[in-house]
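No experiment lies behind these values; they were computed from the predicted model shown.
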Amino acid sequence: MKNFADSLLALWQQLGLNQRVTLVIATVVVIAGMVAVVFWARRPDYQLLYARLGDKDSSAIISHLQTQNIPYQVMAGGSAVQVPTDRVHKLRMDLASKGLPSGDGVGFEIFDKGQFGLSDFVQRTNYLRALQGELARTITQLQGVRAARVMIVQPENRLLLTEQGVRSTASVFVDMGGARLDSEGVNAIRHLVANAVQGLAPDQVAVVDNRGRVLSEELKQDPTLGNASSQMRYKQQVEDYLARKVESMLALVIGPSNAVVRVSAEIDTEAMTQSQERYDPDGQVVRSQVVTEDSSNATELRGGGATGVSANVPEKATGEAGVRPTTSNEQNRKNRTTSYEINRTTTNITRNPGTIKHVSASVLIAPRSIAVPAGSPPGTQPTEQRRTPEELTSLRQVVVNALGLKVAPGQELDSIVTLQEMPFSITPISQTVEDIQSETRIQGWVEVAARWAAVLGAGMVLLIFLRLLSKQKPEPVPMEVFNMPPDVAARSIQSGGAITPDMLNQLIRQRPANIGAALRDWAANPATKN
């Protein structure tokens with residue numbers, strides 16, 4: 001160690017003034033760089049806390065971080081805040097409890113403070129603002145939605161309604177950046193807003209993105225399938241449902257990702273209303289029956305005797321009377337009236353569009369894969385085994401039954417369901433998992449290497465610099481540098497050739513460069529010291 005220090009001291013003494021200054025500056029720069037790299041490697045890893053913040057939310061969040069003495073970084077002009085990775089989730093929960101970030105609009109916190117003396121119109125307006133703000137905050141939680149605004153229009157509450165057809169409507173603006181919101185996300189937004197507003201139907205909610213595209217136009221319900229877009233959407237929904245139904249069942253038998261199913265459905269898009277009335281004369285039914293009975297009795301007295309005067313003479317007082325003949329008549333009549341109702345059947349048939357007329361399917365399955373036996377050489381690929389025709393027929397019959405298809409007598413299954421076995425040109429799941437794990441390991445190594453690459457680079461630069469300095473040789477000093485002035489030379493001769501301190505001071509004042517060169521030469525040649 002002492003020899004190393006002596007060698008460094010000797011090297012330092014051999015260097016000139018410029019070289020010493022350069023060495024000192026380079027050493028300071030390298031040490032500062034190494035210190036900076038060490039601090040950079042030890043600094044906490046920052047992660048995004050919130051982005052796209054407004055000025056009000058950003059200032060409130062930064063104030064909270066300063067109060068808690070939490071380090072942070074402000075980026076993107078103050079709209080993004082980063083904090084240490086290990087404190088991101090806790091800070092989000094703490095800020096959420098305080099209502100931060102509040103978003104572009106206000107929520108139901110507008111009613112936290114009691115306000116008296118407000119009119120009913122102001123109260124309803126505040127409620128509408130709060131509802132719009134809460135819906136906007138909820139929509140921004142969807143994946144891919146950067147920002148959202150909700151506008152709700154409700155009819156006024158009046159005692160006398162002049163327009164009976166006025167309904168609630170809503171408009172939703174979503175900022176997706178450069179992405180596009182899928183149909184499931186649009187449908188979720190429509191139903192979310194519709195169920196939050198009384199009297200609002202999903203078809204009355206319009207969703208528009210930041211590119212000016214109306215995303216909800218294709219999702220409006222059309223029970224009659226009157227337009228082409230509704231027909232195509234309904235056809236796609238039916239085909240996707242049937243395909244998923246078959247694929248999920250085959251995945252349990254032959255393994256996941258080993259079957260591809262495509263279904264083609266023929267949809268009847270015509271609406272029909274049919275009224276039918278039938279009469280059955282053989283199926284008569286007694287509707288009413290009336291029975292009338294009449295009974296009458298009649299008695300008739302007939303006169304007799306001589307004609308003339310004697311017939312008009314009163315009877316004698318003797319009491320003798322003439323006998324008169326009598327006729328009796330009795331009559332009975334019965335009348336029955338029966339009314340019959342003919343059997344009549346009235347049928348009203350209304351057929352809505354959407355009936356499935358015909359379904360066909362095409363199924364591709366991968367061959368059976370045989371696992372690699374234990375002890376096989378590394379890199380051995382699994383082999384494939386074809387299925388027998390009986391197995392293919394069984395799988396085809398399973399697909400037919402799953403789709404609910406009816407096979408006519410004499411009809412072959414191939415005409416309804418096409419099932420073929422062929423290898424898939426896809427990467428196996430095991431290989432995909434291995435690739436993902438390999439990428440993860442490589443990424444970890446890259447992160448570790450990035451932390452220490454700068455330190456190793458600075459050390460190598462320092463070693464190279466020291467090696468170059470060790471190879472430097474002192475420049476030769478011309479002889480005329482040591483020529484002393486005449487007065488100093490005379491005094492040196494008088495003193496017997498020795499240089500006194502006074503003479504050395506005078507030489508330094510007159511020729512400082514010569515003295516510096518002489519000292520360097522003296523230090524470089526230890527033999528001259530004697």
Side-chain angles (χ1 to χ4, degrees), residues 165 167 169 180-191 194-195 200-207 213-253 259-280 343-365 392-420:
R167 296 181 179 180
T169 58
R180 182 182 178 89
L181 190 63
D182 56 0
S183 58
E184 294 182 356
V186 177
N187 202 28
I189 292 175
R190 293 170 64 242
H191 285 80
N195 287 276
L200 183 61
D203 290 341
Q204 303 298 326
V205 180
V207 182
R213 295 175 296 194
V214 182
L215 305 178
S216 59
E217 187 66 24
E218 299 179 356
L219 298 178
K220 289 186 177 180
Q221 298 293 333
D222 188 5
T224 61
L225 299 180
N227 50 42
S229 61
S230 299
Q231 296 175 8
M232 292 299 297
R233 184 171 64 254
Y234 180 74
K235 183 175 183 296
Q236 182 180 3
Q237 291 175 355
V238 172
E239 293 175 350
D240 292 344
Y241 167 74
L242 295 177
R244 289 195 303 268
K245 183 179 179 182
V246 176
E247 284 185 358
S248 61
M249 183 177 58
L250 292 179
L252 299 177
V253 179
V260 178
V261 181
R262 294 294 182 267
V263 178
S264 177
E266 183 180 355
I267 307 299
D268 187 6
T269 58
E270 296 181 356
M272 184 186 67
T273 301
Q274 181 180 1
S275 298
Q276 187 177 10
E277 189 172 356
R278 295 181 179 181
Y279 294 92
D280 185 9
N343 187 13
R344 183 182 66 177
T345 303
T346 302
T347 305
N348 294 323
I349 300 175
T350 301
R351 188 178 64 184
N352 295 324
T355 305
I356 301 177
K357 299 172 60 176
H358 179 71
V359 174
S360 60
S362 178
V363 182
L364 295 178
I365 60 176
L392 296 179
T393 303
S394 301
L395 292 176
R396 186 179 292 107
Q397 184 63 45
V398 168
V399 174
V400 171
N401 295 336
L403 295 177
L405 303 178
K406 296 181 180 180
V407 182
Q411 186 179 10
E412 297 182 357
L413 296 180
D414 294 343
S415 60
I416 303 177
V417 176
T418 303
L419 190 144
Q420 295 183 358

Please lay out, stage by stage, how Val400 and Val407 fare under the test side-chain contact (heavy atoms from CB on, under 4.5 Å).
CA-CA 9 Å; Val400 171; Val407 182; 4.1 Å; yes
Backbone N/O of Ser362 and side chain of Arg262: donor-acceptor pair under 3.5 Å
no
Atom CD of residue position Gln236 - does it have more than 12 heavy atoms of other residues, nucleotides or ligands inside 6.0 Å?
no
I want to check something: taking the side chain as every heavy atom from C-beta on, are Val417 and Leu405 in contact at a cut-off of under 4.5 Å?
yes
Heavy-atom distance under 4.5 Å between the side chains of Arg278 and Gln276, does that happen here?
yes
Compare all side-chain heavy atoms of Ile189 with those of Leu181 and state whether any distance is below 4.5 angstrom.
yes
Side chains of Thr355 and Ile267: closer than 4.5 Å at any heavy-atom pair?
no
Taking every non-hydrogen atom, the tightest pair across Ser216 and Ala206
OG-CA, 3.3 Å
Could you tell me whether the side chain of Asn401 and the main chain of Gln397 form a donor-acceptor pair under 3.5 Å?
yes
Can you check whether Leu364's main-chain N or O pairs, donor with acceptor, with Gln420's side chain at less than 3.5 Å?
no
Sequence neighbours excluded and cut-off under 3.5 Å, please list the side-chain donor-acceptor pairs for residues 243-251, or say none.
{"unit_1": "Lys245", "atom_1": "NZ", "unit_2": "Ala402", "atom_2": "O", "d": "3.1"}
{"unit_1": "Glu247", "atom_1": "OE2", "unit_2": "Val261", "atom_2": "N", "d": "3.1"}
{"unit_1": "Ser248", "atom_1": "OG", "unit_2": "Arg244", "atom_2": "O", "d": "3.0"}
{"unit_1": "Ser248", "atom_1": "OG", "unit_2": "Lys245", "atom_2": "O", "d": "3.0"}

Heavy-atom side-chain proximity of Val207 to Arg190 below 4.5 angstrom
yes
side-chain contact (heavy atoms from CB on, under 4.5 Å) partners for Arg180, two or more places apart:
Arg213, Leu215
Can you list the steps and then say if Val260 with Val363 is a side-chain contact (heavy atoms from CB on, under 4.5 Å)?
CA-CA 6 Å; Val260 178; Val363 182; over 6 Å; no
Counting C-beta onward and ignoring hydrogens, is there a side-chain heavy-atom pair between Ile365 and Leu392 closer than 4.5 Å?
yes
On a heavy-atom basis, which atom in Ala201 and which in Ala194 lie closest, and how many Å separate them?
C-CB, 3.9 Å
So, for Lys235 and Ala265, which heavy atoms are closest and what is the spacing to 0.1 Å?
CE-O, 3.1 Å
Approximate separation, where rounding is to 0.5 Å, of His358 NE2 and Ile416 CD1
7.0 Å
Do Val186 and Glu184 have side chains that approach each other closer than 4.5 Å (heavy atoms only, starting at C-beta)?
no
Closest contact, heavy atoms only, Glu277 versus Thr346:
CG-OG1, 3.7 Å
